[in-house]
Amino acid sequence: TAASMWQLQHLSFDSSAESFLKPDDPERIEYLKFEDKYGLSAYFMVLVRDEALFTGAGVERLRQLHSSLAQGVNNIERVESLVNARFISSEGDDILIEEFLAENTLTAEELNKKKQQALATPYYVGRLINPAANATTILLQISQVDQFGERISVAQIQHSMDEIKTLLAAAQAQYDL
């Protein structure tokens, strides 16, 4: 038994739904078609508490964290936060669609207006911001395929999660994550 113990480091377990079915099983094939069409539902959510969220410094911290997660983690398809959340408004007959915190420099008055807009947007409250406006989330969607076009593996997702943890540990001093 001691001789076989050294191989345990190579042991892996795939608990995905399709791994429990034979490769040619019609149900598995349909499941994979559905997943290819509608996407993988693997998300990570980062909760950021910041009493100064709607200040210049708070928005800059959020932008930096958003950017470091978007650029520093493999296999991330999309990062969504207050930085790039869609904000839909109207001016006269025009409908405007823009990123919520698209502008780089906002005055204190503009930031207060943004805070009020966020709290008045049902899509944001409870998803991207809490009702007290002192916590926000960053949502990370995992890619279905890697850079080579191959279906992402559980090991690759775990590696991405490790990268997220490393980036969050580095940002911990600025936030209450």
Side-chain angles (χ1 to χ4, degrees), residues 15-18 31-32 34-89 95-104 106 110-147 149-177:
S15 63
S16 62
E18 67 268 16
Y31 174 81
L32 292 174
F34 177 87
E35 191 176 70
D36 285 340
K37 183 174 182 178
Y38 296 105
L40 183 68
S41 59
Y43 289 87
F44 293 108
M45 181 183 288
V46 177
L47 175 66
V48 178
R49 287 189 208 113
D50 190 343
E51 294 296 331
L53 182 61
F54 283 94
T55 65
V59 169
E60 184 56 31
R61 283 190 299 270
L62 182 61
R63 284 181 199 276
Q64 287 176 0
L65 183 57
H66 177 109
S67 178
S68 68
L69 289 166
Q71 296 172 6
V73 179
N74 288 313
N75 305 314
I76 296 295
E77 185 164 320
R78 177 164 166 64
V79 176
E80 182 181 4
S81 72
L82 287 173
V83 170
N84 67 336
R86 280 197 192 126
F87 185 73
I88 302 171
S89 61
I95 294 176
L96 306 172
I97 302 171
E98 57 191 6
E99 290 182 344
F100 187 67
L101 293 174
E103 299 172 41
N104 284 331
L106 295 167
E110 290 168 327
L111 287 168
N112 189 50
K113 183 179 177 184
K114 288 289 187 182
K115 178 180 178 179
Q116 298 311 314
Q117 287 174 333
L119 292 172
T121 305
Y123 177 75
Y124 291 178
V125 179
R127 183 172 189 272
L128 292 175
I129 190 169
N130 71 335
N134 63 358
T136 186
T137 56
I138 300 175
L139 305 168
L140 301 120
Q141 181 182 6
I142 301 298
S143 217
Q144 280 187 267
V145 294
D146 63 16
Q147 67 269 25
E150 298 293 321
R151 182 177 289 293
I152 199 129
S153 70
V154 173
Q156 288 169 305
I157 292 173
Q158 182 62 51
H159 181 71
S160 296
M161 191 169 181
D162 291 341
E163 291 174 330
I164 292 167
K165 288 177 185 178
T166 300
L167 287 170
L168 294 178
Q172 186 73 37
Q174 295 180 19
Y175 290 105
D176 183 11
L177 297 174

Results of side chain to side chain donor-acceptor pair (under 3.5 Å) for Ser81 - residues two or more places apart only = His66

inquiry  = Tell me whether Leu96 at atom CG has more than 12 heavy atoms from other residues, nucleotides or ligands lying less than 6.0 Å away.
reply    = yes

note = Rounded to the nearest 0.5 angstrom, the NZ-CZ distance for Lys113 and Phe54 is 13.5 Å

key: For the student: nearest non-hydrogen atoms of Gly58 and Asp50, plus distance   = CA-OD2, 3.8 Å

task = Over all heavy atoms of both residues, which pair between Ile129 and Ala118 is shortest? Give the atoms and the distance, please.
result = CD1-CB, 4.2 Å

note = Sequence neighbours excluded, the answer for side chain to side chain contact (heavy atoms under 4.5 Å, CB included) partners of Glu99 is Asn84, Ala102

message = Could you work out, with side chain to side chain contact (heavy atoms under 4.5 Å, CB included) as the rule, every residue matching Ala135, not counting sequence neighbours?
response = Leu47, Arg49, Asn130

ask   = Which residues pass the side chain to side chain donor-acceptor pair (under 3.5 Å) test with Glu103, sequence neighbours left out?
value = none

task = Verify the distance criterion only: is there a donor paired with an acceptor across the side chains of Glu163 and Asn74 at less than 3.5 Å?
result = yes

key: Nearest non-hydrogen partners of Pro131 and Leu119, listed with the distance   = O-CD2, 3.6 Å

request  = Return each pair, listed once, that meets salt bridge (Lys or Arg N to Asp or Glu O under 4.0 Å) where at least one residue sits in residues 122-136; pairs must be two or more places apart or across chains.
outcome  = Glu80-Arg127

message = Test of understanding: with side chain to side chain contact (heavy atoms under 4.5 Å, CB included), list the residues that count as partners of Leu111, not counting sequence neighbours.
response = Val59, Leu106

message = Using the side chain to side chain contact (heavy atoms under 4.5 Å, CB included) criterion, which residues pair with Thr121? Sequence neighbours excluded.
response = Phe87, Tyr123, Tyr124

remark   = For Leu167 and Ser68, the nearest pair of non-hydrogen atoms, with its separation, is CD1-O, 3.4 Å

inquiry  = Please determine whether side-chain contact (heavy atoms from CB on, under 4.5 Å) holds for the pair Ile157 and Ile152, giving the CA-CA distance in whole Å, both sets of side-chain angles, and the decisive distance to 0.1 Å.
reply    = CA-CA 7 Å; Ile157 292 173; Ile152 199 129; 4.2 Å; yes

task = With the side chain counted from C-beta on, respond yes when Asn75 and His159 share a heavy-atom pair under 4.5 Å apart, and no when they do not.
result = no

request  = With Val46 as reference, evaluate Ile138, Thr136, Val79, Thr137 under the side chain to side chain contact (heavy atoms under 4.5 Å, CB included) test and give the passing residue.
outcome  = Ile138

Nearest heavy atoms of Ile142 and Ser160, plus distance in Å = CD1-CB, 4.5 Å

note = Taken to the nearest 0.5 Å, the spacing of Glu110 CD from Leu101 CG works out to 11.5 Å

query = Of all residues at least two apart in sequence or in a different chain, which pass the side chain to side chain donor-acceptor pair (under 3.5 Å) check with Gln116?
reply = none

